[in-house]
S.K.: 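There's a structure below that I have some questions on.
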Amino acid sequence: MEATPSFGQLCYIPAMRFSLTTWNINSVRLRIDLVAKFLKSVRPDVLCLQETKCIDDAFPLKRFKRLGYEHVALNGQKGYHGVAIVSKLPFENTDIRTFCDKIDSRHISVSFGEKAQLTKPLELHNFYVPAGGDIPDPVLNPKFDHKLKFLDEMKACEPLHPRGDDRHILVGDLNVAPHENDVWSHKQLLKIVSHTPIETEKLLAAQTHGEWFDVARERIPMSEKVYTWWSYRAADWTVGNRGRRLDHIWVSRALKDGISDFRITRDARGWERPSDHVPVTVTLDV
DNA sequence: ATGGTAGCTCGGCTA
């Protein structure tokens with residue numbers, strides 16, 4: 001008797017389940033044990049880090065390799081900023097872009113394809129958008145001016161954005177909480193950098209221009225408060241739950257229907273010597 | 001209205 005081919009074999013190549021975490025780690029060397037704890041428990045295929053705060057030669061490569069993350073793309077700098085992508089899956093290509101004519105390490109991207117057993121290419125961009133200082137006025141505060149220009153350049157950066165059935169993912173610490181319920185008090189934060197109208201408009205303009213879908217808000221209603229960051233400048237971060245949603249995962253239209261899970265590891269804010277940001281993870285079929 | 005904490009490196013920047 002002949003074996004009956006399964007539906008899958010006949011009709012399509014099954015999609016691969018792919019998981020991805022973004023985390024502003026605020027020094028990868030200082031918090032490598034927390035990273036290891038997280039990776040052992042959640043085991044995402046890919047981890048995108050921001051604020052690694054070290055040059056590439058000082059990045060704890062061996063530790064990641066021992067944890068099963070053998071593929072690493074780095075864009076570090078001494079003391080400040082710095083982004084990295086560590087992965088269980090091999091990359092096809094890696095790329096670094098600069099914004100605002102600065103050498104700041106605020107972007108790195110990789111693509112996945114045949115080497116990762118994907119039938120169609122997948123492009124992943126990891127960003128660390130400038131925080132923008134304290135004064136929300138681009139004339140008085142050059143850091144805020146830089147942030148606004150950076151957001152404008154993100155919007156204008158055509159290769160970044162998906163078109164048609166492109167499979168793109170954009171993650172990172174975007175340092176903007178765009179919606180009312182992305183902050184603990186919309187009213188009280190309207191003049192606080194990260195939630196001023198000019199920033200939120202520019203971030204959403206980039207998102208709309210690129211036909212991106214905000215995974216958190218695909219999964220969690222707009223009416224619900226969602227945070228990924230709680231300030232260090234509070235005696236107790238849990239009092240009043242004064243958080244903001246600064247860390248984001250955007251996916252292109254071709255990927256959004258494949259989303260199967262989204263989670264914010266809020267517990268991580270309470271770990272010993274934590275980052276002020278917590279890991280944000282998506283699982284989707286690719 | 002202000003100051004609060006953290007990290008990198010040991011003064012002052014960045015967040």
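Proteins come first, then strands; the chains are lettered A, B, ... in the order of their sequence lines, and each starts at number 1. In this text the structure is predicted, and so the values were computed from the model without any measurement.
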S.K.: Suppose you measure atom C1' in B:dA6 against the same atom in B:dA1; what distance do you get, rounded to whole Å?
M.R.: 23 Å
S.K.: Figure out the CD1/P separation between A:Ile25 and B:dC8, and round it to whole Å.
M.R.: 11 Å
S.K.: Output all residues satisfying side chain to side chain donor-acceptor pair (under 3.5 Å) with A:Lys202, sequence neighbours left out; order by chain, then residue number.
M.R.: A:Asp152
S.K.: Below the 4.0 Å mark, does B:dG4 have OP1 or OP2 next to a side-chain nitrogen or oxygen of A:Ser231?
M.R.: no
S.K.: Scan residues 33-44 of chain A for pairs that pass side-chain hydrogen bond (donor to acceptor under 3.5 Å, both in side chains), counting only residues two or more places apart or in two chains.
M.R.: A:Asp33-A:Arg63
S.K.: Just checking, A:Arg244 and A:Trp229: is the charged tip under 6.0 Å from the six-membered ring centre and within 45° of the axis?
M.R.: no
S.K.: If the P atom of B:dT9 is compared with that of B:dA15, how far apart are they to the nearest Å?
M.R.: 15 Å
S.K.: What one-letter contact string describes nucleotides 9-15 of chain B from 5' to 3', where B marks a base within less than 4.0 Å of any protein heavy atom, S marks contact via sugar-phosphate atoms alone, and - marks no contact?
M.R.: S--BBSB
S.K.: Determine, using the 4.5 Å side-chain heavy-atom cutoff (strictly less than), whether A:Leu89 and A:Val86 are members of one ILVMFWY cluster.
M.R.: no
S.K.: Provide the distance between the two C1' atoms, one in B:dC10 and one in B:dT14, to the nearest whole Å.
M.R.: 16 Å
S.K.: A:Asp236 has an atom CG; how far is it from atom P of B:dG4, in whole Å?
M.R.: 17 Å
S.K.: With a 4.5 Å heavy-atom cut-off, do A:His125 and A:Cys48 have their side chains touching?
M.R.: no
S.K.: Determine whether a donor-acceptor pair (N or O, by modelled atom type, separation under 3.5 Å) exists between the side chain of A:Arg29 and the backbone of A:Ala58.
M.R.: no
S.K.: For A:Ile192 and B:dG3, give me the distance from atom CD1 to atom C1', rounded to whole Å.
M.R.: 13 Å
S.K.: Considering only atom C1', compute the distance from B:dT2 to B:dG7 and round it to an integer number of Å.
M.R.: 23 Å
S.K.: Could you check how far CZ of A:Phe59 sits from P of B:dC8, rounded to whole Å?
M.R.: 14 Å
S.K.: Are any of A:Arg31's side-chain N or O atoms less than 4.0 Å away from OP1 or OP2 of B:dA6?
M.R.: no
